[in-house]
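Presented below is the structure to which this report refers.
As the structure lists them, so they are numbered: ligands from 1, and atoms in each ligand from 1.
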Amino acid sequence: MTSREDCDRRDAQDALAAFRDEFVLPEGVVYLDGNSLGARPRAAAARAAQVVEEEWGQDLIGSWNTAGWWELPGRLGDRLAPLIGGAPGTTLVTDTTTGNLFKALAAALSIQAERAPGRRVIVSERDNFPTDLYVAAGLAELLGRGHELRLLDSPDALDAALADGPAVVTLSHVNYRTGALWDLADVTARVHAAGALVVWDLAHSVGALPIDLTGADADLAVGCTYKYLNGGPGSPAFLWVHPRHAGSGTSALPGWWGHARPFAMEPTFEPATGVARFLAGTQPVVSLALVECGLEIAARADLAAVRAKSLALGDLFLDLVEQRCGDHPLRLVTPREHDRRGSHLTLAHPDAYAVVQALIARGVVGDYREPDCMRFGLTPLYLRFVDVWDAVDVLADVLDSRAYAEPRFRERSTVT
Ligand SMILES: Cc1ncc(COP(=O)(O)O)c(C=O)c1O
Ligand SMILES: Nc1c(O)cccc1C(=O)C[C@H](N)C(=O)O
């Protein structure tokens, strides 16, 4: 059995270990929820003070020009692009993942309306993150042209859905609940071979594993910056568009920020060239500025090493859970194979909600997802092997002692 000392030794040899110092983590907490809200980069507090006190406080409106506020979405997009295999000028950091998905899907459908007008089906997964499904269904209805959303009940159903000639396929690269990973290049090739376009949601994979959208020849992608990119609560999301589509596909939200000449204040919309046409309106500058602190750290981390450590942390977690919690009714929801899982692990338990609350009370922070899932996020930039050991130690004790049976652990908060 792996001992805590073994984990200490692995931490001592870990090439990514020094990154932990770049984050602020509360004393006595093992944070396994960076897949939902990433930890705060140390540099973020000073950057926030700079934006608020100097750029806003002193320079006021002038900062749109002098502090580069106007250019932030494109400049940060270019900083994020290498993490997703995007070329310069293909990526924006802007709006929310939900909003960007709406724009991306609308653009993909408008491209298909030109190329293959008979195609009216959007394919997704029933188990996709709810916002993705709501956006797709809402858009289909709004278009009023007979579009419909078809949902896969398992990955094996993709080929049959493709055979029916859909317009667009939209999938989450890593599933928010199960942690299951799609093969992005393989799926993209299959979707294209079937004459459809693909829109990827990278919320749970960006910053956690290497992604090559250009190499895979994907069409459009969205994702968020507050998980593995540590941009802060509600930090703006991103939108990537393959250059071949950057001049086509109307934005469903043609706002003045996406106009070719915003300050000409013209009454009709003329899209800016390239991905900038997908900008809509004024951006949350303070939040946007903080995204750079996380991106700056991510740019220095070798994503292959991040992925290798994520898998190693996951294997350790699973081995220890099997060794120490084997008598309890736990079921691994996440595929165990490396090439089929992302960077969080999900265990089902009949009392999952209460177990998660009991763990949080003991300083091990994971989260709960319906109907019976405990999620544990593995963030290699600030998580140590010894943290995983400590987390499983607490989990074993919470389960063995039935500490989770206390009534207070059954009280539901809004955010689970
Ligand atoms: C796959 C996926 N898409 C989208 C979102 C959220 O989108 P938004 O930031 O717009 O709330 C999440 C999680 O919050 C998610 O897991
Ligand atoms: N986006 C979130 C939020 O606004 C509040 C609380 C949690 C979240 C999340 O990150 C949800 C998340 N995408 C999930 O995978 O469940």
Side-chain angles (χ1 to χ4, degrees), residues 31-40 80 84 92-106 124-139 151-152 169-182 184 187 198-209 211 220-240 252-253 278 280 283-284 287-288 290-291 294 333-334 341-348 352-353 356 360 365-379 412-416:
Y31 191 61
L32 301 179
D33 217 357
N35 55 312
S36 196
L37 174 64
R40 172 165 82 76
L80 189 147
I84 55 174
L92 296 170
V93 176
T94 185
D95 298 340
T96 61
T97 307
T98 305
N100 287 334
L101 187 66
F102 180 79
K103 291 184 284 183
L105 275 179
S124 193
E125 270 186 294
R126 197 173 302 283
D127 201 18
N128 202 347
F129 190 71
T131 214
D132 298 51
L133 302 182
Y134 305 160
V135 164
L139 184 59
L151 299 179
L152 309 176
V169 175
T170 183
L171 296 169
S172 289
H173 189 197
V174 172
N175 185 278
Y176 81 101
R177 198 172 60 85
T178 65
L181 169 73
W182 284 99
L184 190 144
V187 170
V198 65
V199 178
W200 287 103
D201 183 337
L202 308 177
H204 285 272
S205 54
V206 64
L209 47 112
I211 298 170
L220 297 103
V222 300
C224 81
T225 64
Y226 50 71
K227 300 178 189 290
Y228 297 94
L229 296 181
N230 309 297
S235 59
F238 66 88
L239 169 66
W240 172 86
L253 275 175
F278 292 102
Q283 296 302 298
S287 280
L288 200 49
L290 299 193
V291 173
V333 174
T334 310
R341 75 184 203 223
S343 201
H344 66 269
L345 296 170
T346 304
L347 298 174
Y353 183 81
V356 167
I360 293 171
V365 181
D367 63 22
Y368 166 83
R369 287 294 174 266
E370 293 293 339
D372 58 359
C373 291
M374 307 192 281
R375 292 194 311 182
F376 302 100
L378 304 167
T379 47
R412 294 282 178 124
S413 306
T414 307
V415 174
T416 61

Nearest-neighbour protein heavy atom for atom 2 (C) of ligand 1, which is reported as residue plus atom name and distance: Asp201 OD2, 3.4 Å
Using a strict cut-off of 4.0 Å, indicate which atoms of ligand 2 neighbour a heavy atom of Tyr226. 1 (N), 10 (O)
Sidechain N-carboxylate O distance under 4.0 Å for Arg412, Glu370: yes
Working to the nearest 0.5 angstrom, can you tell me the gap between Asp201 CG and Thr98 OG1? 8.5 Å
With rounding to the nearest 0.5 Å, note down the distance linking CG in Leu253 to NZ in Lys103. 6.5 Å
Measuring from the heavy atoms of Arg177, does anything fall under 4.0 Å of ligand 2? no
Test of understanding: given a 4.0 Å heavy-atom threshold, classify the contact between His344 and ligand 2 as side chain, backbone, both, or neither. neither
Atom 10 (O) of ligand 1 [closest protein heavy-atom partner, distance rounded to 0.1 Å]: Thr98 OG1, 2.6 Å
At under 4.0 Å between heavy atoms, what of Lys227 touches ligand 1? The answer is side chain
What do you reckon, does His204 have a nitrogen or oxygen under 3.5 Å from a nitrogen or oxygen of ligand 2? yes
Identify the heavy atoms of Arg177 and Arg369 that sit nearest to each other, and give their distance. CG-CB, 4.0 Å
With heavy atoms and a 4.0 Å threshold, my read on which part of Cys224 contacts ligand 1 is neither
Any non-hydrogen protein atom less than 4.0 Å away from atom 4 (O) of ligand 2: no
Residue, atom and distance of the protein heavy atom nearest atom 9 (C) of ligand 2 read Ser36 OG, 3.2 Å
Could you tell me the separation between the CG atom of Leu101 and the OG1 atom of Thr131, rounded to the nearest 0.5 Å? 7.5 Å
Can you list the atoms of ligand 2 that are under 4.0 Å from a heavy atom of Arg369? 11 (C), 14 (C), 16 (O)
State the OG-CG distance between Ser205 and Leu184, to the nearest 0.5 angstrom. 7.5 Å
Which residue owns the protein heavy atom closest to atom 13 (N) of ligand 2, what's the atom, and how far is it? Lys227 NZ, 2.7 Å
Please give me the minimum heavy-atom distance between Ala104 and Leu239, naming the atom from each residue. CB-CD1, 3.9 Å
Could you report the tightest heavy-atom contact between Thr178 and His344, atom names first, then the distance? C-NE2, 4.2 Å
What distance do Leu152 atom CG and Leu171 atom CG have between them, rounded to the nearest 0.5 Å? 6.5 Å
In the protein, which heavy atom is nearest to atom 14 (O) of ligand 1, and how far is it? Tyr226 OH, 3.1 Å
Atoms of ligand 1 under 4.0 Å from any heavy atom of Tyr176, numbered from 1 in the order shown, are 16 (O)
If the contact criterion is a heavy-atom separation under 4.0 Å, does Ser172 count as touching ligand 1? yes
Rounded to the nearest 0.5 Å, what separates atom CG in Leu133 from atom CG in Asn128? 5.0 Å
For Thr97 and Cys224 the tightest heavy-atom approach is OG1-CB, 3.2 Å
Please list, in number order, the atoms of ligand 1 under 4.0 Å from a heavy atom of Thr96. 10 (O)
Go through ligand 2 atom by atom and flag the ones less than 4.0 Å from a non-hydrogen atom of Arg375. 14 (C), 15 (O), 16 (O)
Top protein contact for atom 16 (O) of ligand 1, by heavy-atom distance: His204 NE2, 2.7 Å
At under 4.0 Å between heavy atoms, what of Asp132 touches ligand 1? The answer is side chain
Check each of Thr416, Asn35, Val415 against atom 6 (C) of ligand 2 and report the one with the nearest heavy atom. Val415
Go through it in stages, so that I can follow the logic: the residues are Phe238 and Val206, the test is side-chain contact (heavy atoms from CB on, under 4.5 Å), and I'd like the CA-CA distance, side-chain angles, deciding distance and then a yes or no. CA-CA 10 Å; Phe238 66 88; Val206 64; 3.8 Å; yes
Determine the interplanar angle of the His204 and Tyr176 rings, folded into 0 to 90°, and report it as parallel if under 30°, tilted if 30 to 60°, perpendicular if over 60°. tilted
Numbering as shown, the atoms of ligand 1 that approach Thr131 to under 4.0 Å (heavy-atom distance): 4 (C)
